[in-house]
There are 2 protein chains.
Amino acid sequence: MSTHHYYQLQGYFRELIELKTLKSGSKLPSEREIGEQFKLTRVTVRQALQNLEAEGLIYRQNRKGWFVTPPAVIYNPSSHLSFNLYVTEQGFLPHTEKLMQQIEPANAYIAQLMNIAESAPVLYLHRRRYINQRPVLIEKMYINLNLLPGIEKEDLTQSLSQLLKNNYQREYRDMDLVFKSTSLPSSAANELGISAGQPGLHIERINYTDDKQVLEVDYEFWRHDAVNINIAIRD
Amino acid sequence: MSTHHYYQLQGYFRELIELKTLKSGSKLPSEREIGEQFKLTRVTVRQALQNLEAEGLIYRQNRKGWFVTPPAVIYNPSSHLSFNLYVTEQGFLPHTEKLMQQIEPANAYIAQLMNIAESAPVLYLHRRRYINQRPVLIEKMYINLNLLPGIEKEDLTQSLSQLLKNNYQREYRDMDLVFKSTSLPSSAANELGISAGQPGLHIERINYTDDKQVLEVDYEFWRHDAVNINIAIRD
DNA sequence: CAGTGGTCTAGACCACCAG
DNA sequence: TGGTGGTCTAGACCACTGC
């Protein structure tokens with residue numbers, strides 16, 4: 001096992017990355033160059049690279065090349081910090097892009113959660129979020145317009161928790177969270193520039209107000225190598 | 001994109017699985033048979049199968065074949081239920097196998113957490129856990145012998161939380177959790193029969209007593225397709 | 001033993017990116 | 001336009017499984 005060619009190649013690059021000879025964000029040689037250097041075919045080179053990708057050490061940009069993965073951000077849902085805040089606090093540069101926004105009728109699941117009629121309007125918001133220019137997260141959310149009337153007129157690239165606090169005197173409190181490690185839906189993978197079949201992290205989050213109403217339902221699709229989850233459970 | 005051969009093949013099997021024409025746990029045709037049927041080479045067939053594996057729909061048993069993934073268990077750390085209990089409650093059959101057990105000197109990290117001297121003895125326990133005969137989880141834990149003297153003489157394939165409750169009048173309370181979506185260390189992958197480079201879920205857990213002492217530090221390596229994490233955050 | 005997946009070769013053409 | 005990764009072919013040999 002340890003003698004396989006792809007395995008040795010993984011070890012070679014893993015060492016270069018750990019020693020910082022290959023620095024975070026830098027580009028690897030092309031697959032053909034690596035193959036030439038080690039007398040391997042592209043198939044074998046790609047297997048090694050794909051394994052390192054699954055490990056989270058490198059990632060690819062579609063048809064541009066392979067790059068060393070930058071450090072992951074730590075996401076602690078129980079801290080109630082906004083994306084902008086915790087990313088900034090950890091020394092990274094956050095950025096948010098709105099891909100779509102529309103008022104639409106609630107589906108059965110959302111309506112039931114929000115305790116509204118089954119086609120009552122909710123605000124659907126679809127965003128892409130970046131850390132240091134790298135797209136890491138697709139967010140699709142459904143926002144309760146009964147609790148947050150007029151929110152659709154605000155600038156929805158900003159932090160929602162800030163907006164809630166400043167304009168509605170509301171804050172995130174209780175949450176229900178579901179985590180799944182699975183490949184991303186192809187739409188989200190495309191929007192992140194991830195090739196199909198790569199692993200991802202899927203988070204579903206229900207945010208409640210302090211009086212137990214559902215403020216927002218959130219679906220997050222993360223690059224698996226961009227985030228670690230920390231949670232403290234205190235009863 | 002949608003016209004690629006491997007993509008169509010994925011759609012074909014995804015549909016069979018969703019329609020339950022291919023039932024949970026059943027075996028797919030061999031890679032060569034699939035290739036013959038669709039006039040594709042094994043490389044292409046394997047790409048489709050590997051993508052479905054990342055999606056969590058199928059998994060492989062080393063050199064035996066590809067199988068339809070059974071439903072995932074829901075793991076809710078905040079419920080404080082033991083593995084045996086939550087697996088059973090969800091209609092599955094749990095099983096635990098002890099791979100190794102020894103008393104060893106604490107490393108710096110563990111010693112600091114447990115507030116003991118740096119080579120004071122701790123109990124190291126290494127287990128493999130199954131759901132319906134399928135190995136899904138490797139557990140490596142360090143147990144505080146100061147708080148649980150003599151625990152090394154007990155049957156350590158049983159539920160630790162039961163043991164703590166019955167023999168030591170202790171219960172799990174607060175926890176710190178870290179989740180990472182990454183490929184598993186090769187040792188854990190081997191013990192689970194997972195081929196290198198497949199994604200996995202890595203959980204680190206620190207368990208505290210009700211008086212804030214560290215009872216146990218736990219490293220869990222899960223098959224990514226075997227578990228969903230649910231957490232309720234209530235401040 | 002035959003059949004399985006695991007590894008690997010030596011090519012090919014394509015879509016897309018950068019200069 | 002030349003170079004990149006993305007997809008794919010048509011083979012081969014090996015290690016291991018199950019009969």
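As the structure is a prediction and not an experimental result, all values here were calculated from the model.
Counting only N and O atoms by type, the side chains of B/Gln198 and B/Tyr59 include no donor and acceptor under 3.5 Å apart.
Side-chain proximity of B/Trp66 to C/dG5, D/dT7, D/dT9: nearest is C/dG5. Considering only side-chain atoms of A/Arg63, the nucleotide from C/dC8, C/dC16, C/dG6 that sits closest is C/dC16. Distance from the side chain of A/Gln47 is smallest for C/dT7 among the nucleotides C/dT7, D/dG6, C/dT9.
The CD-P distance, from A/Gln10 to C/dC8, rounds to 10 Å in whole Å. One can place CG of A/Asn62 at 7 Å from P of C/dC17, the figure rounded to the nearest angstrom. Whole-Å rounding puts the A/Asn51 CG to C/dC8 P distance at 11 Å. We find that CD of A/Glu36 is positioned 13 Å from P of C/dA10, with the value rounded to whole Å. Atom CD1 in B/Ile34 sits about 12 Å away from atom C1' in C/dT4, given to the nearest Å. Summarising the geometry, the separation between CG on B/Leu28 and P on C/dT4 is reported as 13 Å, rounded to the nearest angstrom. For the pair A/His5 NE2 and C/dG6 P, the interatomic distance rounds to 18 Å; values are reported in whole Å. Here the P atom of nucleotide C/dG6 and the OH atom of B/Tyr59 are 14 Å apart, to the nearest Å.
The phosphate of D/dC8 has neither OP1 nor OP2 within less than 4.0 Å of any side-chain N or O from B/Thr41. Contact between the side-chain N/O atoms of B/Gln61 and the OP1/OP2 oxygens of C/dG5 is not found at any separation under 4.0 Å. Taking only side-chain nitrogens and oxygens, A/Tyr6 comes nearer than 4.0 Å to OP1 or OP2 of C/dT7. Put simply, A/Thr44 has a side-chain N or O that comes within less than 4.0 Å of OP1 or OP2 on C/dT9.
B/Arg42 contributes a side-chain N or O that forms a donor-acceptor pair with the base of C/dG6 under 3.5 Å. Side-chain atoms of A/Arg46 and base atoms of D/dG5 include no donor and acceptor less than 3.5 Å apart.
Position along DNA chain C of the nearest nucleotide to A/Lys64 versus A/Lys39 favours A/Lys39 as the more 5'-ward residue. Summary of the strand contacts: A/Arg32 and B/Gln50 both lie near DNA chain C, and taking for each the nucleotide with the nearest heavy atom, the more 5' one is attributed to B/Gln50.
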Practice item. Would you check, one step at a time, whether the test salt bridge (Lys or Arg N to Asp or Glu O under 4.0 Å) holds for B/Glu55 with B/Arg14? Key: CA-CA 10 Å; B/Glu55 243 176 273; B/Arg14 195 181 292 116; 2.8 Å; yes
Exercise for review: Give the intermediate values and the outcome of salt bridge (Lys or Arg N to Asp or Glu O under 4.0 Å) for residues B/Glu97 and B/Arg127.
Suggested key: CA-CA 6 Å; B/Glu97 187 184 1; B/Arg127 309 195 292 185; over 6 Å; no
Exercise for review: Would you sort out whether A/Glu139 and A/Arg129 count as a salt bridge (Lys or Arg N to Asp or Glu O under 4.0 Å), showing the intermediate values?
Suggested key: CA-CA 8 Å; A/Glu139 221 182 16; A/Arg129 309 196 96 163; 3.5 Å; yes
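A/Phe38 and A/Tyr12 have perpendicular rings, their planes meeting at more than 60° on a 0 to 90° scale where under 30° would count as parallel. The aromatic rings of A/Tyr86 and A/Tyr75 lie parallel to each other, with less than 30° between the two planes, well short of the 60° mark.
Rotation axes derived from the C1' atoms of the five outermost pairs at either end of the helix from C/dC1-D/dG18 to C/dA18-D/dT1 lie 10° apart, to the nearest 10°.
Here the NE2 atom belonging to B/His202 is positioned 13.0 Å from the OG atom belonging to A/Ser181, to the nearest 0.5 angstrom.
Formation of a donor-acceptor pair under 3.5 Å by the A/Glu104 side chain with backbone atoms of A/Leu123 is not found in this model.
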